[in-house]
Amino acid sequence: MPGFELFGDLERKEVNDVLDNGVLMRYGFDAMRNGHWKAKELEAELCKTFSTDYVQLVSSGTAAVSVALASAGVGAGDEVIMPTFTFVASFEAIMMLGAIPVLVDIDDTLTLDPKEVEKAITPKTKAVMVVQMCGSMGHMDTLRAICNKHNLIFVEDACQAIGGSYKGKPLGSIADVGCFSFDFVKTITCGEGGAVVTNKKEYYTNADHYSDHGHDHIGNDRGAETHPFLGYNFRISELNAAVGLAQVRRLPEFIEIQKRNYSIIREVLSKIPEVTFRSVPEGGKESYAFLNFFLPDLEFARKASQAFKENGIDACFHYYDNNWHYIRKWDHLKELKSLYPISNEVKEGLQYLKTRTFKQSDTYIARNISSLIKLSWTKEDVNARAQKMAEIIKSI
């Protein structure tokens, strides 16, 4: 998945341009920067990439989720439905706003099960957040219909899925508001960075102000700008944006490489009876950042995962035993381990985690292996890797 594997002259040119110009902050210093605005350029490029009206760059994917939710009016005591399989940033970003993450089961898409979403809706529900994990998507039409029926905000976390699409629309641009991460291990990277994507002007304006201390960004005198409402600092720097600007222009190149490598491995594994693959909704195209497949049971998957490691097959994740990406080991969330007091609303709202089980999610994550697709592999590398993976699975 990482674009950093292929850093080159384009990235160096954009970074050196910022250093030569001398302005590292994305706002202000108009007279010094001589028309150099890397963050603005990247936002314009991303609007084209996502076929969307508005993009607001922020400091990380986690910041993007918080800013997106805040921009849509999510706050204290509101419930946000999210999947059991994601990254810890999803619930962190919700809780930062004083809102309550409501975890529900996934299905064989490895994203939200719409039936479980419908069951989880209460009078406090404000938003539904689908997380497009490992380069693919949820049942977008069904989830949209549920949100419309209950007047809920539809949020799309596409941090791991840049380059994927659903019915011709780029992932991240389909919901009311979308989120991306451009950290060091994403398909395109800024080093650290993220983006809020939307076609709603109100959400964009809110994100623009909220991510920069509430500045309204009117005029060219930063000190004279007003503050329509409270904000915080989630700004990206010009250096980070410069790297991303070069990388987003290379996105078609990266996706083509990922698809080639993904397809080689999938073709080999598809011949093994014990292997099945995640479901991709009709009309969906993966970003090919990961190849996700299921094995017969937990014991089989654990043996395969261990054997991959012992035989030099790196970057194959068995999330059932992973501390970051699945509810099973999120003890710091279940036990509310925090440096500061958590509000009573959130404490009460998360009581369900003490007793709730997620057996449906367990059946999928326990059997799933997620193989990262690297950009630096040659065809020979990929073919050798695929054959070795197949041999290991057949030997179990």
Side-chain angles (χ1 to χ4, degrees), residues 3 18 24-28 37-47 49-50 52-75 80 86-97 99 127 129 131-132 153 155-162 171-173 175-217 222 225 227-245 247-248:
V18 175
L24 275 60
M25 186 174 177
R26 75 155 297 178
Y27 297 113
W37 300 91
K38 298 301 179 184
K40 288 183 180 181
E41 283 187 65
L42 178 52
E43 286 167 345
E45 286 287 339
L46 290 170
C47 281
T49 298
F50 300 134
T52 195
D53 291 340
Y54 307 105
V55 171
Q56 176 65 39
L57 287 173
V58 291
S59 54
S60 69
T62 312
V65 177
S66 282
V67 172
L69 291 170
S71 298
V74 175
V80 178
T86 178
F87 181 55
V88 292
S90 298
F91 64 75
E92 292 169 348
I94 293 166
M95 293 174 69
M96 196 195 81
L97 300 174
M129 183 167 73
V131 184
Q132 318 286 36
I153 302 156
V155 182
E156 188 176 0
D157 177 342
C159 288
Q160 287 193 356
I162 188 169
L171 296 183
S173 70
D176 296 317
V177 61
C179 311
F180 284 93
S181 170
F182 306 129
D183 72 20
F184 193 55
V185 290
K186 295 299 185 290
T187 300
I188 64 171
T189 182
C190 292
E192 287 287 356
V196 177
V197 177
T198 186
N199 287 313
K200 293 179 177 287
K201 187 174 182 180
E202 178 189 2
Y203 289 2
Y204 164 70
T205 301
N206 289 345
D208 173 70
H209 297 0
Y210 183 74
S211 60
D212 183 32
H213 300 294
H215 278 272
D216 64 10
H217 300 138
R222 185 165 171 83
E225 291 172 5
H227 301 79
F229 49 77
L230 289 167
Y232 299 90
N233 180 7
F234 297 110
R235 293 189 303 262
I236 194 171
S237 78
E238 288 287 271
L239 280 173
N240 292 106
V243 177
L245 182 59
Q247 289 255 301
V248 75

Discussion item. Let's go through Asp212 and His217 carefully: what are the C-alpha distance in whole Å and the side-chain angles of both, what is the deciding distance for side-chain hydrogen bond (donor to acceptor under 3.5 Å, both in side chains) to 0.1 Å, and is it a yes or a no?
Written reply: CA-CA 9 Å; Asp212 183 32; His217 300 138; 2.6 Å; yes
Worksheet item: Stepwise, does the side-chain contact (heavy atoms from CB on, under 4.5 Å) test hold for Lys38 with Val18?
Response: CA-CA 8 Å; Lys38 298 301 179 184; Val18 175; 3.5 Å; yes
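Under a 4.0 Å N-O distance rule, the pair Glu192/Lys186 does not qualify as a salt bridge.
For Phe50, the ring pair (Phe, Tyr, Trp, His ring centres under 6.0 Å) partners two or more places apart in sequence, or in a different chain, are Phe180.
Listed for the Ser90 side chain is no donor-acceptor partner under 3.5 Å among the backbone atoms of Thr86. Here the side chain of Asp157 pairs no donor or acceptor atom with the backbone of Val131 at under 3.5 angstrom. With Gln56 contributing its side chain and Val196 its backbone, the two residues share no donor-acceptor pair below 3.5 Å. Panel note: side chain Thr49, backbone Glu45; a donor-acceptor pair is recorded below 3.5 Å. A donor-acceptor contact shorter than 3.5 Å is absent between the side chain of Ser181 and the backbone of Cys159. Although no hydrogens or angles enter the test, the distance criterion places a donor-acceptor pair under 3.5 Å between the side chain of Glu238 and the main chain of Ala39. Without hydrogens or angle criteria, Thr189 side chain to Asp183 main chain gives a donor-acceptor distance under 3.5 Å.
Considering CH2 of Trp37 and CZ of Arg26, their distance stands at 8.5 Å, rounded to 0.5 Å. Rounding to the nearest 0.5 Å gives a distance of 4.0 Å between CG of Leu24 and CG of Leu239. Once rounded to the nearest 0.5 Å, the distance linking NZ of Lys40 with OH of Tyr27 reads 8.5 Å.
Applying the 6.0 Å contact sphere to OH of Tyr232 captures no more than 12 heavy atoms from other residues, nucleotides or ligands.
Between Asn240 and Ile236, the shortest heavy-atom contact is CB-CG1, 3.7 Å. The two residues Ala195 and Ala64 make their nearest non-hydrogen contact at O-CB, 3.5 Å. Closest of all the heavy-atom pairs between Ser66 and Leu97 is O-CD1, 3.6 Å. Taking every heavy atom of both residues into account, Asn206 and Ser71 meet most closely at ND2-O, 3.0 Å. Summarising the geometry of Ala241 relative to Leu57, their closest heavy-atom pair is CB-CD1, 4.5 Å, with the distance given to 0.1 Å. A pairwise comparison of heavy atoms in Val67 and Ser211 identifies CG2-CB, 4.4 Å as the closest pair.
Contacts classified as side-chain hydrogen bond (donor to acceptor under 3.5 Å, both in side chains) and involving residues 194-205 (residues at least two apart or in different chains) are given here: Thr52-Asn199.
Between Ile162 and Leu171 there is no side-chain heavy-atom pair separated by less than 4.5 Å.
Looking at Val65, Val197, Thr62, Val58 one by one, the single match for side-chain contact (heavy atoms from CB on, under 4.5 Å) with Cys179 turns out to be Val65. Exactly one of His209, Glu225, Arg235 qualifies for a side-chain contact (heavy atoms from CB on, under 4.5 Å) with His215. That residue is Glu225.
With ring centers used as reference points, Phe229 lies 6.0 Å or more from Tyr210.
In summary, the side chains of Gln132 and Glu156 do present a donor paired with an acceptor at a separation below 3.5 Å, with no hydrogens or angles considered.
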